[in-house]
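First the structure, in the form of structure tokens, and then the observations on it.
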Protein chains: 2
Amino acid sequence: MYERKTLPNLNCGLDLVGEVLYGKWKMRLLWFIKEGHQRPSELQRQIPDATRRVLNIQLKELEEHELVTKKIYPVVPPKVEYSLTEFGKTLIPVISALGNWGDENEDRLRSVILNRLKSEV
Amino acid sequence: MYERKTLPNLNCGLDLVGEVLYGKWKMRLLWFIKEGHQRPSELQRQIPDATRRVLNIQLKELEEHELVTKKIYPVVPPKVEYSLTEFGKTLIPVISALGNWGDENEDRLRSVILNRLKSEV
DNA sequence: TGCAATAGGGAAAATATTATCCCTATATGA
DNA sequence: TCATATAGGGATAATATTTTCCCTATTGCA
């Protein structure tokens with residue numbers, strides 16, 4: 001496993017949130033789990049741009065940060081279900097707020113993002 | 001300058017927000033600018049854990065994404081001031097929501113984060 | 001004269017994150 | 001018998017981000 005070489009900053013609320021939400025797919029994972037897509041294969045289908053591998057890794061981190069719980073059913077083929085913890089649920093409104101802001105400003109955001117990319121080349 | 005090799009996902013609101021806010025210090029920069037710390041040297045003092053260099057880079061991205069404007073005063077020694085754009089101001093409540101969630105859950109977050117780090121070693 | 005403050009950038013190294021590829025296992029259905 | 005679905009991990013490559021180090025310039029102050 002990758003081992004950190006520097007300690008994270010944990011000075012303020014933003015640092016702390018960053019520590020648990022910073023990860024390309026984490027907010028989407030929480031969101032889709034909330035929406036009822038609880039099995040890894042379903043989550044993968046909802047987020048096809050991510051690889052199975054990275055979803056596993058980020059799910060594990062979410063679990064270690066107590067935002068989700070993982071239930072393993074002892075059946076074959078294997079069945080696993082993730083759920084939000086009570087703690088995790090309290091994050092949903094915040095993720096909503098972010099997503100809504102993005103949706104409300106979709107056109108403008110798309111435009112400034114693409115402009116920046118073009119000027120980069 | 002670093003040149004991206006893969007295009008970002010811009011499918012949903014969360015993707016779009018991520019594109020403009022994903023950067024270790026960006027939310028903090030927006031926050032402190034809002035608080036009235038507008039000169040680069042002040043921002044650096046508010047965020048001592050970041051290097052001057054990375055703050056410059058991220059400020060430039062925020063500017064290109066039209067969340068802040070940069071005003072250069074033609075004086076010596078140089079004077080520069082950043083301000084939130086109207087667009088940038090609309091992000092403040094969202095950043096607040098994140099920061100507040102972090103503050104409200106400070107103890108628990110600190111605990112789960114540190115636990116995870118310990119088990120990593 | 002020499003140092004601090006101001007603002008900022010290039011190049012390269014260090015660190016971190018994500019993707020790719022290949023492996024294990026078992027039951028079901030074609 | 002062979003492919004598919006299920007879940008997941010190791011090793012390594014690729015990509016991205018952040019840090020480090022060193023450079024430019026000018027004014028004022030000790």
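This is a predicted model, so every value here is computed, not measured. Numbers restart at 1 for each chain; the letters A, B, ... are given by sequence-line order, proteins then strands.
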Roughly how many Å is it from [atom1] in [X] to [atom2] in [N], rounded to a whole number?
X	N	atom1	atom2	value
Leu117(B)	dA16(C)	CG	P	11 Å
Asn56(B)	dT19(D)	CG	C1'	13 Å
Lys70(B)	dA7(C)	NZ	P	10 Å
Glu61(A)	dG9(D)	CD	C1'	15 Å
Asp49(A)	dA19(C)	CG	C1'	12 Å
Gln44(A)	dT20(C)	CD	C1'	13 Å
Lys60(B)	dG8(C)	NZ	P	10 Å
His37(B)	dT6(C)	NE2	P	15 Å

Is there a side-chain contact between [X] and [Y] in this structure, where contact means two heavy atoms from C-beta onward sitting under 4.5 Å apart?
X	Y	result
Trp101(A)	Leu21(B)	no
Ser41(B)	Val80(B)	no
Lys70(B)	Leu59(B)	no
Val20(B)	Ile113(A)	yes
Asn11(B)	Leu16(B)	no

Just say parallel, tilted or perpendicular for the rings of Phe32(B) and His37(B), cut-offs at 30° and 60°.
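If you compare the ring of Phe32(B) with that of His37(B), the planes turn out perpendicular.
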So which heavy atom on Thr51(A) is nearest to which on Gln44(A), and how close?
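Looking at all heavy atoms of both residues, the closest pair is C-OE1, 3.9 Å.
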Least distance between heavy atoms, Pro78(A) atom then Arg39(A) atom
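Here Pro78(A) and Arg39(A) meet closest at O-NH2, 3.6 Å.
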Taking only N/O atoms, report every protein-nucleotides 3-6 of chain D pair under 3.5 Å with atom names and distance.
from: dT6(D); atom 1: O3'; to: Arg39(A); atom 2: NH2; distance (Å): 3.0
from: dT6(D); atom 1: O3'; to: Pro78(A); atom 2: O; distance (Å): 3.3

Going by distance alone, is a donor N or O of one side chain under 3.5 Å from an acceptor N or O of the other, for Asn9(A) and Asp49(B)?
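Asp49(B) and Asn9(A) do have a side-chain donor-acceptor pair below 3.5 Å.
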Review item, nucleotides 12-18 of chain D N/O atoms under 3.5 Å of protein N/O:
from: dA16(D); atom 1: OP1; to: Thr6(B); atom 2: N; distance (Å): 3.2
from: dA16(D); atom 1: OP1; to: Thr6(B); atom 2: OG1; distance (Å): 2.5
from: dA16(D); atom 1: OP2; to: Tyr2(B); atom 2: OH; distance (Å): 2.4
from: dA16(D); atom 1: OP2; to: Lys5(B); atom 2: N; distance (Å): 2.8
from: dA16(D); atom 1: O5'; to: Tyr2(B); atom 2: OH; distance (Å): 2.9
from: dT18(D); atom 1: OP1; to: Lys24(B); atom 2: N; distance (Å): 2.8
from: dT18(D); atom 1: OP2; to: Gln58(B); atom 2: NE2; distance (Å): 2.6

